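Quick caveat, the model's predicted, so the values are computed rather than measured.
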Amino acid sequence: MGNESKSNRVFQMLNRMVSEPYYLFHFLTFFSYFVIRSSATHVLAPHLIHNLLRREIQTLLVFAVLAVIKGAKEETWEAFIADALFLAKICLFALAFTMDRRLSVWYILVFLVIHMLTQQPAFQGLGTSSKLTPLQLESLLTEGNTTRLWLVEFCASYSSACIRSSQHFPELSITYSSKNLSFGIVDLGLFPNAAENFGISLSGSMGQLPTFILFENAAEVARFPELDFEATFFHNPTITKGLLSRHFELDRHLLEYVNGK
């Protein structure tokens with residue numbers, strides 16, 4: 001079952017890569033290099049072609065090694081693909097610069113246009129978590145007939161950090177949801193005015209997206225990243241399922257529920 005589930009996830013990811021503009025435009029841009037490379041064979045001198053071929057082999061080997069290293073560290077497909085595309089852009093720029101400096105400038109402009117017009121899609125699954133508006137969250141927290149604990153992810157669809165970690169929260173909700181603990185997601189990209197109410201800065205330099213807050217009986221008892229005005233995007237640890245589970249003591253809460261506490 002595990003292998004079948006993993007195969008289905010890979011198939012879904014490949015299907016999204018074909019249909020999503022973000023992936024499609026990147027694929028077309030990378031494919032254009034082969035078209036240009038084929039045309040250059042008839043224009044460039046033999047010694048330049050030989051030098052370019054040697055550089056291509058070196059670049060491909062470097063990309064493969066770095067991609068394997070990144071793939072071993074990342075927990076989600078979204079994060080791995082983001083890393084792989086970033087490495088591929090650097091490699092493409094290096095090869096284009098070797099062929100023609102003007103070509104490398106054109107590729108930079110193309111990637112800037114892609115960045116402005118599209119964005120990498122986040123993980124689509126919700127697990128057992130619920131998408132909430134700020135008003136719905138406030139209502140759920142104040143109603144007496146809801147679960148005692150609510151773990152809420154505050155994210156934004158435009159944040160690359162949110163996209164990279166978008167798979168963790170749904171998977172945690174599947175493992176730890178109970179009658180005592182519920183999971184919710186609030187998109188601050190849709191409700192930016194609500195960010196201040198929860199003490200969250202939307203400034204990219206603060207590194208507060210995504211922010212996870214645990215509420216107990218409508219009161220905040222823990223959050224990640226913690227409120228630290230000196231914290232920045234570069235100092236926050238990488239978000240993983242294990243980090244979130246430990247920070248919010250999800251195993252303890254699950255055991256308390258199982259033991260009837």
Side-chain angles (χ1 to χ4, degrees), residues 75-76 78-79 122-123 125-257 261:
E75 289 189 345
T76 67
E78 286 75 17
F123 179 72
L126 284 176
T128 61
S129 57
S130 304
K131 282 191 174 182
L132 305 170
T133 67
L135 289 178
Q136 287 174 327
L137 175 60
E138 183 178 353
S139 176
L140 289 169
L141 292 177
T142 55
E143 289 177 1
N145 59 348
T146 61
T147 55
R148 180 171 62 89
L149 296 163
W150 271 92
L151 182 57
V152 182
E153 177 186 20
F154 296 87
C155 58
S157 57
Y158 58 79
S159 167
S160 59
C162 292
I163 293 170
R164 292 173 66 92
S165 63
S166 58
Q167 187 175 330
H168 296 320
F169 199 72
E171 292 185 348
L172 285 175
S173 71
I174 294 173
T175 304
Y176 294 103
S177 286
S178 68
K179 292 183 179 179
N180 284 339
L181 175 61
S182 295
F183 290 74
I185 299 174
V186 176
D187 189 344
L188 293 179
L190 300 176
F191 309 99
N193 294 332
E196 186 177 354
N197 297 335
F198 296 98
I200 300 172
S201 171
L202 298 183
S203 171
S205 61
M206 292 297 293
Q208 292 186 0
L209 287 177
T211 287
F212 305 86
I213 301 180
L214 180 65
F215 298 93
E216 182 173 7
N217 297 323
E220 177 183 329
V221 293
R223 74 161 57 200
F224 180 87
E226 297 178 345
L227 283 174
D228 182 355
F229 294 103
E230 295 182 357
T232 65
F233 174 82
F234 299 100
H235 290 92
N236 283 331
T238 301
I239 296 174
T240 65
K241 288 185 292 184
L243 183 149
L244 294 176
S245 177
R246 292 189 300 271
H247 186 82
F248 294 106
E249 299 182 297
L250 297 183
D251 288 314
R252 178 176 66 84
H253 291 305
L254 182 60
L255 286 174
E256 288 180 352
Y257 168 71
K261 293 184 180 181

| query | Side-chain contact, heavy-atom cut-off 4.5 Å: N180 with E256? | reply | no
| field | Aromatic ring pairing F198/F215, orientation class (parallel under 30°, perpendicular over 60°, tilted between) | value | perpendicular
| Min side-chain heavy-atom separation L149-H253 under 4.5 Å | yes
| message | Nearest 0.5 angstrom please: R148 CZ to E216 CD, how far? | response | 4.5 Å
| Just wondering, do H168 and T76 contact through their side chains at under 4.5 Å, heavy atoms? | yes
| said: If the threshold is 4.0 Å, N to carboxylate O, is there a salt bridge linking K241 and E75? | reply: no
| said: Quick check on E138: does its CD atom have over 12 non-hydrogen neighbours (other residues, nucleotides or ligands) under 6.0 Å away? | reply: no
| task | Any chance you could measure E153, atom CD, to S165, atom OG, to the nearest 0.5 Å? | result | 6.0 Å
| task | Determine the minimum heavy-atom distance between L209 and A161, stating which atoms define it. | result | O-CB, 3.4 Å
| field | Side chain proximity check, C155 to I185, heavy atoms < 4.5 angstrom | value | yes
| field | Side chain T142, main chain S139, donor-acceptor under 3.5 Å | value | yes
| field | Heavy-atom closest pair, residues C162 and P210 | value | SG-N, 3.5 Å
| remark: So CG of L140 and OG1 of T133: to nearest 0.5 Å the spacing works out to 9.0 Å
| Passes side chain to side chain contact (heavy atoms under 4.5 Å, CB included), N193 versus F191? Steps please. | CA-CA 6 Å; N193 294 332; F191 309 99; over 6 Å; no
| Below 4.5 Å, heavy atoms only, C-beta onward: do F212 and I239 meet side chain to side chain? | yes
| field | P170 backbone acceptor or donor facing S129 side chain under 3.5 Å | value | no
| query | Within a strict 4.5 Å, meaning less than it, do heavy atoms of the T238 and L243 side chains meet? | reply | no
| query | Out of R252, R246, H247, which one pairs with E249 under the side-chain hydrogen bond (donor to acceptor under 3.5 Å, both in side chains) rule? | reply | R252
| Side chain proximity check, I213 to T211, heavy atoms < 4.5 angstrom | yes
| said: Given 3.5 Å as the limit, does a donor-acceptor pair link the side chain of S166 with the main chain of I163, or not? | reply: yes
| note | Exactly one of S177, S182, S178 clears side-chain hydrogen bond (donor to acceptor under 3.5 Å, both in side chains) with T128, and that residue is S177
| Closest non-hydrogen atom pair, F169 against L151 | CZ-O, 3.2 Å
| query | Between E226 and R223, is a salt bridge (Lys or Arg N to Asp or Glu O under 4.0 Å) present by the stated rule, with each step listed? | reply | CA-CA 5 Å; E226 297 178 345; R223 74 161 57 200; over 6 Å; no
| Side-chain heavy atoms of L181 within contact of L214, under 4.5 Å | yes
| request: Keeping the roles fixed (side chain from S130, backbone from L132), state whether a donor-acceptor pair exists under 3.5 Å. | output: no
| query | Under 6.0 Å between ring centres, would you say that holds for F183 and Y176? | reply | no
